[in-house]
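What you see below is based on every heavy atom in this structure, not just the backbone, and it leaves out hydrogens, waters and symmetry mates. The structure displayed is predicted, hence computed values, not measured ones. First the proteins, then the strands, lettered A, B, ... as listed; each starts at 1.
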2 protein chains.
Amino acid sequence: MDGDGEVGSARQAAEDGLVVTFGRLLGVANRLEYLVGRALEQECGISHLMYEVLLILGRAGGPGLSMSAIGRAQVLTTGGVTRLIDRMEAAGLVERAEDPGDRRGRLVRLTPLGEQTAVRATRLHRDNLRRLLADRLPAEHWDRFAEDVRVLSRAVEKEVPRLR
Amino acid sequence: MDGDGEVGSARQAAEDGLVVTFGRLLGVANRLEYLVGRALEQECGISHLMYEVLLILGRAGGPGLSMSAIGRAQVLTTGGVTRLIDRMEAAGLVERAEDPGDRRGRLVRLTPLGEQTAVRATRLHRDNLRRLLADRLPAEHWDRFAEDVRVLSRAVEKEVPRLR
DNA sequence: TCGACTTATCTGACATCTCAGTTACTGTTT
DNA sequence: AAACAGTAACTGAGATGTCAGATAAGTCGA
């Protein structure tokens, strides 16, 4: 099929490496999310997804973000965002306000409790990430690794369609 | 708050970088899983998780793997494995057999359809991963990136407790 | 051999997502 | 301004995971 023995099998090995590396990448992501998520849950009473939302709302500041902007930032359908924000609102972390410029939309912003929780969670989260992620790589690899992740992040975001 | 202006904010930035990089890492993993998962779903009728299981069963060969070994390889509780294998068995991809050495356990192995599907899915999967993942990084970065992922994978696996 | 742990899998109850369909509003076109 | 397609958020139904408890079977010391 391939025609050439050695070259073919070398390429085969390289491409299986691609499949395996991707499997490992997902495994690392899932396990890290499990570990830091459990810590956030226990210490701050929030899931990791909620933490990410607190973070982007904090960075956004001002009048807040729309539901769909949150859905685009994380990988969530609008239905998922509605329910996530329902729970965060019930927990007192965020609040919904009317969007004066578009009466269909709602603007989500942090409550004081949400801000406090974000600060407290970030301290914990950083320590965990340093121990679990950054300290595991040779120091001279870390910067390039972070840069590669940034490049991938930009590229892949463009490929994902908006979820309904 | 921190007490020292410039140094404090530089450290702040570096540590926020850790939090942000981790957020991006999860984003990349989720979006890639969404993209390749949708392709596998449409072309081969299996979820990405099912594909990973087909892959490790194929590599294991012989009499197959126990449910708990599958749960450890992926990040799943035993309850999750039971239901995943239920669906895969219903789809004709795998079969459960008695474990002669331990009457509590079941050994899961590929059916011929499962093997065929794994081969077919791998072709598709490789192409997608090359396009979405490997081709996005400068070629000279890829090998080191893959190596870093391998190192992280080994380290993080040890930290995750066995899920019940 | 007996009893106390431990382990492997399964199950019911629940959590949280997606999907598809609804409602309400916006912007555009005629 | 009336019709239309497009967008924002919400909702019921279904998919798929976790958690905790049940059951059966293996292990090991007294």
Salt bridge or not for [X] and [Y], using N-O below 4.0 Å?
{"X": "A/E147", "Y": "A/R150", "value": "yes"}
{"X": "A/R109", "Y": "A/E95", "value": "yes"}
{"X": "B/D86", "Y": "B/R96", "value": "yes"}

Using atom [atom1] of [X] as one end and atom [atom2] of [N] as the other, report the distance to the nearest whole Å.
{"X": "A/I85", "N": "D/dT11", "atom1": "CD1", "atom2": "C1'", "answer": "17 Å"}
{"X": "A/R106", "N": "D/dC10", "atom1": "CZ", "atom2": "C1'", "answer": "10 Å"}
{"X": "B/H48", "N": "D/dA15", "atom1": "NE2", "atom2": "C1'", "answer": "18 Å"}
{"X": "B/L49", "N": "D/dG17", "atom1": "CG", "atom2": "C1'", "answer": "10 Å"}
{"X": "B/M67", "N": "D/dT23", "atom1": "CE", "atom2": "P", "answer": "19 Å"}
{"X": "A/E41", "N": "D/dT18", "atom1": "CD", "atom2": "P", "answer": "14 Å"}

Under 4.0 Å between any heavy atoms, over every strand shown, what does [X] touch: base, sugar-phosphate, or nothing? Just pick one.
{"X": "B/R103", "value": "sugar-phosphate"}
{"X": "A/S47", "value": "nothing"}
{"X": "B/D99", "value": "nothing"}
{"X": "B/R96", "value": "sugar-phosphate"}
{"X": "B/R87", "value": "sugar-phosphate"}
{"X": "B/G105", "value": "sugar-phosphate"}
{"X": "A/V75", "value": "sugar-phosphate"}
{"X": "B/S68", "value": "sugar-phosphate"}

Query - N/O donor-acceptor pair, side chain A/R83 with base D/dG12, under 3.5 angstrom - result: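 By the distance-only test, yes, there is a pair.
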
Requested in this report: Ignoring hydrogens and angles, answer whether the base of D/dT7 and the side-chain atoms of A/R104 contain a donor-acceptor pair closer than 3.5 Å.
Outcome: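 A donor-acceptor contact between them is present.
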
Query raised in the report: Are side-chain heavy atoms of B/I46 and B/E41 found at a separation under 4.5 Å?
Result: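 B/I46 vs B/E41: side chains apart.
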
Query raised in the report: Between B/R103 and B/E98, is any pair of side-chain heavy atoms under 4.5 Å apart?
Result: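 Not in contact.
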
Report task. Walking along DNA chain C from 5' to 3', note the first and the last nucleotide with an atom under 4.0 Å from a heavy atom of chain A, and give both. Result ->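 The contacted stretch runs from C/dT16 to C/dT26.
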
Query - Partners passing ring pair (Phe, Tyr, Trp, His ring centres under 6.0 Å) against B/F22 (at least two apart in sequence or in another chain) - result: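 If we apply the ring pair (Phe, Tyr, Trp, His ring centres under 6.0 Å) test to B/F22, skipping adjacent residues, the hits are A/H48, A/H125.
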
